Amino acid sequence: MKYWLLKSEPGSFGIDDLAAAPAKRASWDGVRNYQARNFMRDDMRKGDLAFFYHSSCDVPGIAGIVRIVKEAHPDLTAFDPADPHYDPVSDPQNPRWYMVDVALERKFRRVITLDELKRYQRGRLSELMILRRGNRLSITPVTKAEWRFIVSLEAAERAREQSSA
DNA sequence: GCCAACGTTGGC
DNA sequence: GCCAACGTTGGC
C-alpha cells in the first residue's frame with residue numbers, strides 16, 4: 001500500500017464537501033498536470049491512503065485522510081466545454097486526463113497546518129515534497145515514515161497544548 | 001531542440 | 001494583490 005498527498009482548494013472542494021457527498025465519496029477530477037496524472041494512473045492503487053491538503057486558503061494544511069476507492073479512469077470533465085477544466089485537445093477516444101475516486105477515511109480533529117509541518121523541514125519531514133521549494137504538484141507521494149509521523153502530530157500537538165494550558 | 005512568452009500555482 | 005517558481009506553448 002502506498003501513501004499520497006492530494007491538494008485541493010477548499011474554496012472549490014474541501015474536506016467538508018467530501019464529508020457531505022453521497023457515501024462521503026467523490027471523483028478527484030480536474031488534474032491537468034502530467035506528472036500528477038502519471039502518479040494517479042500508474043502508481044495509485046485501490047486501498048491506498050492520502051492526506052487531504054487544503055491549499056490557497058486562510059490556513060493551508062492537512063485536513064484529514066481519504067482512501068482511494070477506485071483506480072484511475074478517464075476524467076470526463078476534460079470533454080465538457082462548460083467545465084472550468086475543459087481541455088479541447090483531449091480526445092474521448094484517447095483520453096489524456098484521468099481521475100481516481102476517493103472516500104473520506106476521517107477528518108482530523110484539527111488541521112495540521114503548513115506552518116507546523118515546516119517546523120520539521122530540517123528533520124523528519126526534510127524530504128516531504130510539498131515542503132520542497134517551488135513544488136506545486138497537486139499529487140505527491142508520501143513515504144510510510146512521513147505518513148506515520150504526520151499522523152502522530154495531531155495527537156502530539158493536542159498533548160502539548162493541554163500541558164501548556 | 002531551443003527558448004521566450006505566457007499562464008498557473010500557491011504562500012504570503 | 002504580489003511574485004517566485006514552474007509547466008506549457010509555439011515560433012524558429
Side-chain angles (χ1 to χ4, degrees), chain A residues 2-21 26-44 48-66 68 72-102 104 107-143 146-147 149-154 156-157 160-161:
Chain A
K2 294 196 182 71
Y3 301 94
W4 305 94
L5 184 146
L6 307 178
K7 283 185 200 172
S8 184
E9 301 186 12
S12 64
F13 188 80
I15 198 162
D16 290 331
D17 296 304
L18 181 58
S27 290
W28 202 265
D29 61 16
V31 174
R32 298 291 182 268
N33 170 282
Y34 290 104
Q35 208 179 340
R37 177 204 68 183
N38 293 347
F39 278 138
M40 275 199 296
R41 191 189 57 188
D42 305 335
D43 298 326
M44 245 183 221
D48 286 359
L49 293 174
F51 288 130
F52 194 130
Y53 179 89
H54 283 172
S55 66
S56 296
C57 56
D58 284 351
V59 186
I62 297 170
I65 295 173
V66 302
I68 308 305
H73 51 112
D75 183 345
L76 303 179
T77 65
F79 309 127
D80 176 6
D83 192 278
H85 300 291
Y86 175 58
D87 178 5
V89 181
S90 187
D91 174 9
Q93 300 309 314
N94 182 24
R96 173 180 302 201
W97 304 115
Y98 287 80
M99 59 190 179
V100 296
D101 289 2
V102 303
L104 182 65
K107 183 179 167 178
F108 285 154
R109 292 182 297 271
R110 63 182 189 84
V111 172
I112 299 174
T113 66
L114 178 60
D115 269 356
E116 186 177 351
L117 295 173
K118 280 180 176 172
R119 286 183 216 149
Y120 307 97
Q121 198 161 17
R122 307 228 165 229
R124 303 284 290 272
L125 300 181
S126 62
E127 303 291 315
L128 189 70
M129 288 187 72
I130 57 154
L131 295 182
R132 294 229 128 121
R133 187 165 150 277
N135 197 301
R136 305 179 313 171
L137 254 192
S138 65
I139 296 178
T140 50
V142 172
T143 68
E146 289 164 343
W147 180 274
F149 179 69
I150 291 169
V151 167
S152 80
L153 290 177
E154 181 190 19
E157 182 75 5
R160 205 175 67 181
E161 283 167 0

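As the structure is a computational prediction, the values presented were derived from the model and not from experiment. Basis for what follows: all heavy atoms, side chains included, without hydrogens, waters or symmetry-related copies. Quick note on labels: first sequence line is chain A, next is B, and so on, each numbered from 1.
Taking the centre of each ring, A/Trp4 and A/Tyr53 stay at or above the 6.0 Å mark.
Between A/Arg136 atom CZ and B/dG7 atom P there is a gap of 14 Å when expressed in whole angstrom units. Rounded to whole Å, atom P of B/dG11 lies 13 Å from atom CD of A/Gln121. Rounded to an integer number of Å, the gap from NE2 of A/His54 to C1' of B/dC12 is 19 Å. Note: CG (A/Asn135) to P (B/dG11) measures 11 Å, nearest angstrom. Distance A/Tyr86 OH to B/dT8 P: 16 Å, rounded to the nearest Å. Atom CG of A/Asp87 and atom C1' of C/dT9 are 13 Å apart (whole Å). As rounded to whole Å, 7 Å separates atom P of C/dG7 from atom CD of A/Gln35. A/Arg32 places its CZ atom 15 Å from the C1' atom of C/dT8, with the value rounded to the nearest Å.
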What do the steps show when you test A/Arg37 against A/Asp75 for salt bridge (Lys or Arg N to Asp or Glu O under 4.0 Å), and what is the final call?
CA-CA 10 Å; A/Arg37 177 204 68 183; A/Asp75 183 345; over 6 Å; no

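Relative orientation of the A/Phe149 and A/Tyr120 rings is perpendicular, given thresholds of 30° and 60° on the angle between their planes.
Taking side-chain N and O atoms only, A/Lys7 has no distance below 4.0 Å to OP1 or OP2 of B/dT9. Look at A/Tyr53 and you'll find a side-chain N or O under 4.0 angstrom from OP1 or OP2 of B/dG11.
Using a 4.0 Å cut-off between charged nitrogen and carboxylate oxygen, A/Glu154 and A/Arg109 count as a salt-bridge pair.
If you check the side chains of A/Glu9 and A/Ser12, you find no donor sitting under 3.5 Å from an acceptor.
Checking C/dT8, B/dC12, C/dC6 against the side-chain heavy atoms of A/Tyr34 singles out C/dT8 as nearest. Closest to the side chain of A/Asp115, out of C/dG7, B/dC12, B/dG10, is B/dC12.
A/Ser56 comes within contact range of at least one nucleobase, with a heavy-atom separation under 4.0 Å.
Residue whose closest nucleotide on DNA chain B sits further toward the 5' end, between A/His85 and A/Lys118: A/His85.
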